[in-house]
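Here is the structure we will look at, set down as structure tokens.
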Amino acid sequence: MCGRYSLTKKEMRLALQEVAEMILTLLTFERYNIAPTQLAPVILQESGNISVRQMRWGLQPSWSKAPLINLQSETVADKPAFKESVRQRRCLIPADGFYEWTSGRQAMRFVREDRAPFCLAGIWENSLDYNGRAVPCYTILTTAAAPAVARVHKRMPVLVQEKYMEQWLNPAAENFDEAWRDPFVEWEAYAVGDFVNKTGNEGPECLEPPRQPDMFLTGAMAGR
DNA sequence: CCAGACGTTGTT
DNA sequence: GTCTGG
DNA sequence: CCAGACGTTGTT
DNA sequence: GTCTGG
């Protein structure tokens, strides 16, 4: 009854969007506080197939003491230790917000003005754990902060627009200037309480504003 | 050939 | 481990 | 990124 | 202050 069908490039993109949606709604059990060294879902393409795997946040090269949770997008492709990952093992990291801490250790949460989820640009590799076992690990690429973010922090994660997701995941693709270009997303920032500070803490409480709002941030002291 | 890099952030 | 620079 | 440790010995 | 673990 069904002896043939097609899957054009355009249809492939739709399939990818569907996959991304699936991840964000079903596979991504809610996470409010994904921290370095923890497992989180990552989208990748292997043997031509797009898949989702839980990976450890932070590359762990043998020579590095600390896990590398961020790498600069501007230079990563030129670094001997990472160029192969940039060439062969790019990935997308689904998220709907990210945290930055002010110099005063006030946690801020950044979300898109339209509240839409998004994908961050990452690369991954198999690092060796203490048993010599291969563990897939990922790192988030960074770029100069967008204006609203720059008030708190100079750097921010690279976002991959939907129209570049397929290219980003395809190992055959080579130039990422387009994929890395600033998507000019408007970001909204709001202060959250210190519950999020502790890496083990999970749940919606991570999103709640501070119990005692920071006087300087809210301007509540003005005029006193 | 060997030596040295290979990360990011914010703070002083 | 691997690449770049000298 | 933040939180929390930052020690040694010998014994079970 | 600095390092490790999450």
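To find a chain, count down the sequence lines: A is the first, B the second, and so on, and within it residues start at 1.
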About how many Å separate SG of A:Cys119 and CG of A:Leu159, when rounded to the nearest 0.5 Å? 8.5 Å

Rounded off to whole Å, could you give me the CD-to-C1' distance for the A:Gln60 and B:dC6 pair? 13 Å

For nucleotides 1-6 of chain C, 5' to 3', base contacts (B), sugar-phosphate-only contacts (S) and non-contacts (-) with protein non-hydrogen atoms under 4.0 Å give B-SS--

Could you check how far CD1 of A:Ile123 sits from P of B:dC6, rounded to whole Å? 15 Å

For a 4.5 angstrom cut-off between non-hydrogen side-chain atoms, does A:Tyr138 reach A:Glu125? no

Does OP1 or OP2 of B:dG7 have a side-chain N or O of A:Lys79 closer than 4.0 Å? yes

Does A:Asp96 pair with A:Arg109 as a salt bridge, N-O distance under 4.0 Å? yes

Quick check: do A:Leu44 and A:Met55 have side-chain heavy atoms less than 4.5 Å from each other? yes

Taking A:Arg53 first and then A:Glu46, would you say they form a salt bridge - that is, a charged N and a carboxylate O separated by under 4.0 Å? yes

Pairwise P distance for E:dG1 and B:dT12, with rounding to whole Å: 9 Å

Supply the atom-to-atom distance A:Arg56 CZ to A:Thr37 OG1, rounded to the nearest 0.5 angstrom. 5.5 Å

Once you measure the plane-to-plane angle for A:Trp168 and A:Phe176, does it fall in the parallel (<30°), tilted (30-60°) or perpendicular (>60°) bin? perpendicular

Whole angstrom is fine here: how far is it from CZ in A:Phe110 over to C1' in D:dC1? 13 Å

With 3.5 Å as the limit, what N/O pairs link the protein to nucleotides 10-12 of chain B?
| unit_1 | atom_1 | unit_2 | atom_2 | d |
| --- | --- | --- | --- | --- |
| B:dG10 | OP1 | A:His153 | ND1 | 2.7 |
| B:dG10 | OP1 | A:His153 | NE2 | 2.6 |
| B:dT11 | OP1 | A:Ser103 | O | 3.0 |

Can you tell me how far C1' in D:dG10 sits from the matching atom in B:dC2, rounded to whole Å? 46 Å

Between B:dT9 and D:dC1, how many Å separate the two C1' atoms, rounded to a whole number? 9 Å

Is it true that A:Arg115 and A:Glu188 make a salt bridge, defined as a side-chain N closer than 4.0 Å to a carboxylate O? yes

Residues that A:Glu202 engages under side chain to side chain contact (heavy atoms under 4.5 Å, CB included), provided they are two or more places apart: A:Arg31, A:Tyr32, A:Asn33

Taking the same atom, C1', in E:dC3 and in B:dG7, what whole-Å distance lies between them? 16 Å

With a 4.5 Å limit on heavy-atom distance, are the side chains of A:Thr139 and A:Ile123 in contact? yes

Between B:dC6 (P) and A:Asn70 (CG): distance, integer Å: 17 Å

Mind checking if A:Pro61 touches a base, just sugar-phosphate, or nothing, with heavy atoms under 4.0 Å? nothing

With a non-hydrogen cut-off below 4.0 angstrom, is A:Phe82 in contact with a base, only sugar-phosphate, or nothing? sugar-phosphate

Rounded to whole angstroms, how far apart are CD on A:Gln106 and C1' on D:dC1? 14 Å

Applying a 3.5 angstrom cut-off to the pairing atoms, does DNA chain C sit in any stems of at least three consecutive Watson-Crick or G-U pairs? List them by first number. B:1-6 with C:1-6

Is the shortest side-chain N/O distance from A:Gln72 to OP1 or OP2 of B:dG7 below 4.0 Å? no

Neighbours of DNA chain D within residues 197-209 of chain A, by heavy-atom distance under 4.0 Å: A:Asn197, A:Lys198

Taking atom P of B:dT8 as reference, at what distance in whole Å does atom CH2 of A:Trp57 sit? 14 Å

Less than 4.0 angstrom from a charged side-chain N to a carboxylate O is my criterion; do A:Glu100 and A:Arg155 meet it? no

Round to a whole Å and report the spacing from CD1 of A:Ile140 to C1' of B:dG7. 14 Å

Does a side-chain heavy-atom distance below 4.5 Å link A:Cys91 with A:Gln45? no

Could you report the tightest heavy-atom contact between A:Val42 and A:Pro94, atom names first, then the distance? CA-CD, 4.5 Å

Report the residues that fulfil ring-ring contact (aromatic ring centres under 6.0 Å, His included) with A:Trp124, sequence neighbours left out, ordered by chain and then residue number. none

Just do the side chain to side chain contact (heavy atoms under 4.5 Å, CB included) check on A:Val149 and A:Phe98 with the steps written out, would you? CA-CA 11 Å; A:Val149 182; A:Phe98 62 90; 4.1 Å; yes

